[in-house]
Amino acid sequence: MERLLKADKIGRNMVMKTIDKEAIPLIKKAEKENIITAWDRYERQKPQCGYGQLGLCCTLCALGPCRIDPFGGEPKRGVCGADGDVMIARNLLQMLAAGAAAHSDHGREILEVALKTAEGKAQGYEIKDEEKLKRIAKEYGIDTEKEIKEVLKRVVLSMMDEFGTEKGRIQFIERAPEKRKEIWKQLGIIPRGIDREIVEAMHRVHMGVDNDYVNILLHALRTSLSDGWGGSMIATEMSDILFGTPSPKESTVGFSTLKENKVNIVVHGHNPVLSELIVAAAEEKELLELAKRKGADGINIVGMCCTGNEILMRQGIPIAGNLLSQELIITTGAVEAMVVDYQCIFPAVLEVAKCFHTKIITTSEKAKFSGAIHMEFHPEEAFDVAKSIVKVAVDNFENRKKEKVLIPEGEKRLIAGFSCEAILSALGGSVKPLCDAIKEGRIRGAVGIVGCNNVKITQDSGHVRLAKKLIENDILVVETGCSAIACAKEGLLIPDAKNFAGEGLRSVIEKLSIPPVLHMGSCVDCSRILVLLSEIAKELNLDISDLPVAGAAPEWYSQKAVSIGAYFVASGVFTVLGIAPRIFGSKNIIELLSEGLDKTVKAKFAIEPDPEKAADLIIEHIDKKRKELGI
Ligand code: CUV
C-alpha cells in the first residue's frame with residue numbers, strides 16, 4: 001500500500017512528460033494546436049479509481065460491478081461472495097491471459113503465413129534461414145533430409161499443434177535447464193498447450209469456478225509459460241525462418257528519421273508479416289517513380305513500437321519511437337500514412353490524424369478502427385496489398401501542408417540485431433567467454449529491461465536511468481520492446497556508450513565491439529532472453545535462478561507485459577516492476593508474489609517506481625547470487 005501511494009505521488013508531481021528531446025517541440029506544437037494526447041487524457045482521468053488501483057473492483061459478471069472496502073469495513077465481499085484475494089487473483093489472471101493471447105495469436109498468424117509459404121500459396125514470402133529451420137526441425141524430431149518446403153510444412157504443423165496440443169507438454173519447454181523443468185513439474189505448471197492454458201484461464205475467472213487465489217495464480221504462471229516458452233518463442237523462431245535471424249545492424253532512431261522531401265510511411269504494431277512486405281513494396285520501381293511524379297525524392301519507411309523493432313533488427317529500417325511517440329509522430333504533419341496491424345495502437349491516432357493529412361490504414365481483420373482505411377492483409381495476395389497500401393501513401397504526398405510540417409532534428413545512431421545467434425557469434429560461438437567474464441567479475445551480472453512506456457512515468461526516464469546505473473555498475477543490459485527504443489534515443493545502443501559503462505564491463509564490450517546495452521528485439525523476442533539464460537545456466541550446470549541476473553519493466557502498461565513479467569519470474573528471474581500492478585488490496589497476494597514465489601519458483605517480484613532504487617535492488621540481488629555461487 002505504501003509503495004502504491006508513493007508511486008501515485010510521483011505520478012501527481014510529474015511535470016515532465018518525456019525525456020525524449022525530439023518529442024518536446026512536438027508536445028509544444030500539440031499544446032498550441034489543441035491536439036489531445038495520452039498525457040492530457042491521463043490528466044482528465046485523475047483521480048483514477050482507488051478501488052480499481054488496489055484491484056478491489058470486479059466487473060466480471062452482471063451481479064456487479066462490485067467493490068471491496070480496502071480498510072476492512074463493509075462491503076467485505078462481492079455479491080457472489082468473492083473476497084479481495086479472489087477478486088484480485090481473477091483480475092490478474094484475466095489480464096495476463098489477454099497478454100498471453102496477444103503474443104500467441106501473433107505467433108499463430110506467422111505460422112499461417114509460413115504454412116502458405118510452404119505450400120507455395122503465399123505471395124512475397126520465402127524461407128530466409130534454412131539453417132535455423134533445420135535446427136528447429138531436429139528439436140521436433142522432424143526429418144531434415146526432405147525438400148526444404150516439406151520440412152517447413154512439417155515444422156509449422158508441429159508448431160500449430162502446440163496451440164491445442166495432444167502431447168500435453170509444449171516442445172520448447174525442453175530448452176530450459178533440467179532443474180527448472182523439475183521445479184515446474186513439481187508445481188504442476190508445465191504448459192500443456194497454448195490455447196488450452198489461455199482458454200482455461202478464461203474458464204477459471206468465470207464466476208464460481210476457481211475460488212482459491214493460490215490456485216488461480218499458479219495457473220497464471222502456467223499460462224505465462226505457455227506464452228514465453230510457447231506462443232512468443234514460436235513467433236520469434238518462425239519469424240527468423242521467414243525473414244532471417246537478426247544480426248547487428250546500424251540504423252537511426254527518433255522523429256528525425258522522417259524525411260521532409262520523401263513520402264513518409266510509419267509502420268506501427270507488432271507482426272513482421274506486414275511490415276516486412278511494406279518495406280519490400282516501397283522498393284518497387286513503379287512506386288518510386290510515382291513518388292517522383294508526385295514531387296517526392298523517395299519513399300521513407302520508419303517503424304514504431306515492436307513491428308518497427310522487427311524490421312530494424314532484420315533490415316536496419318529506422319525506428320521513429322515507442323508507445324508514447326505514436327500520437328506525436330502524426331503531429332509532425334509529415335506522415336502520409338500510418339499502417340497498423342495490432343496491439344499497442346492508441347484508438348486516439350485517428351483523432352490526431354484528423355488534424356493533418358495522415359491516413360491511418362488498418363490491415364488486420366481482428367483490429368479495425370472506425371474511421372480508418374481498411375486494407376486487409378492475407379498471405380495469398382500480401383505483396384499486392386502491400387503495394388496498394390504504399391500507393392495510398394504516395395498519392396497522399398501532395399496533400400501534405402508544408403506550413404504544418406515540423407520534423408525535429410537529431411537522428412541518433414543505434415545498433416540493433418542481437419539475436420542469441422548474433423550474441424553467440426560475437427562471443428566466438430559459445431557462451432563460455434561470457435560465463436568466464438561473469439565468474440571473473442568483469443561482468444557483475446546481466447539484466448533484461450523490457451516493456452512499454454506509461455503516462456505515469458516520464459517517458460523513457462525509467463528505462464534510461466535504470467540502464468545507465470546498471471551498466472555503470474558493470475552489469476550487461478539486454479533490452480526489447482519500447483525499452484530498447486528508449487535507450488536507443490539516449491545513445492546507449494552504440495559502442496561509444498562504453499563511456500557510461502564501468503571499467504570491467506567496458507573491457508569486455510570494447511573487445512567484442514558491442515554496446516553495453518544490447519537490443520534483442522520486439523516483445524515476443526523476450527523469448528530470446530529465456531533461451532540465452534538457459535544456455536548460460538546449462539553451460540554452468542546451474543538453474544536460471546542461480547544466475548546473477550534480473551529482469552525489469554520500469555514503465556510497463558500492457559496486459560502482455562503482465563505475462564512477460566510472470567514468465568520471467570516463473571523461469572527463475574527476479575523481476576522489478578516500475579508500475580504497481582493492481583494487487584495492493586490483498587496482503588495475501590502481495591505476500592504470495594514476493595516471498596511465496598521465492599520459496600516455490602525461486603524468484604519473485606519487487607515494485608519500485610524510482611529507477612535508481614530499482615537498480616539498487618537489482619545490484620543487491622546480483623551480489624547475493626554471486627556470493628551464493630562463491631564468485
Ligand atoms: Ni511490444 S513494449 S508498448 S507491449 S510495443 Fe507495445 Fe510489448 Fe512497447 Fe509494450
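When a residue number appears, it is its place in the shown sequence, counting from 1. Each ligand, and each atom within it, is numbered from 1 in the order the structure gives.
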Pairs where residues 300-313 contributes a residue and the test salt bridge (Lys or Arg N to Asp or Glu O under 4.0 Å) is met, not counting sequence neighbours: Glu310-Arg314
Heavy-atom check, side chain of Phe605 versus side chain of Pro581, under 4.5 Å: no
Are His621 and Phe574 an aromatic pair by the rule of ring centers under 6.0 Å? yes
State which residues pass side chain to side chain contact (heavy atoms under 4.5 Å, CB included) with Ala553; sequence neighbours excluded, sorted by chain then number. Val450, Trp556, Leu577
Which atoms of ligand 1 sit under 4.0 Å from any heavy atom of Tyr557? 3 (S)
Counting N and O atoms only, with roles assigned by atom type, does the side chain of Gln326 sit under 3.5 Å from a partner on the main chain of Phe346, one being a donor and the other an acceptor? yes
Check each atom of ligand 1 against the heavy atoms of Leu323 and keep those under 4.0 Å away; list them by number with element. 3 (S)
Could you go step by step and tell me if Glu421 and Lys132 meet the salt bridge (charged side-chain N to carboxylate O under 4.0 Å, His left out) rule? CA-CA 10 Å; Glu421 289 83 346; Lys132 183 156 198 173; 2.8 Å; yes
Could I get the full list of salt bridge (Lys or Arg N to Asp or Glu O under 4.0 Å) partners for Glu490, not counting sequence neighbours? Lys468
What lies under 2.8 Å from atom 7 (Fe) of ligand 1, restricted to protein N/O/S atoms, is Cys523 SG
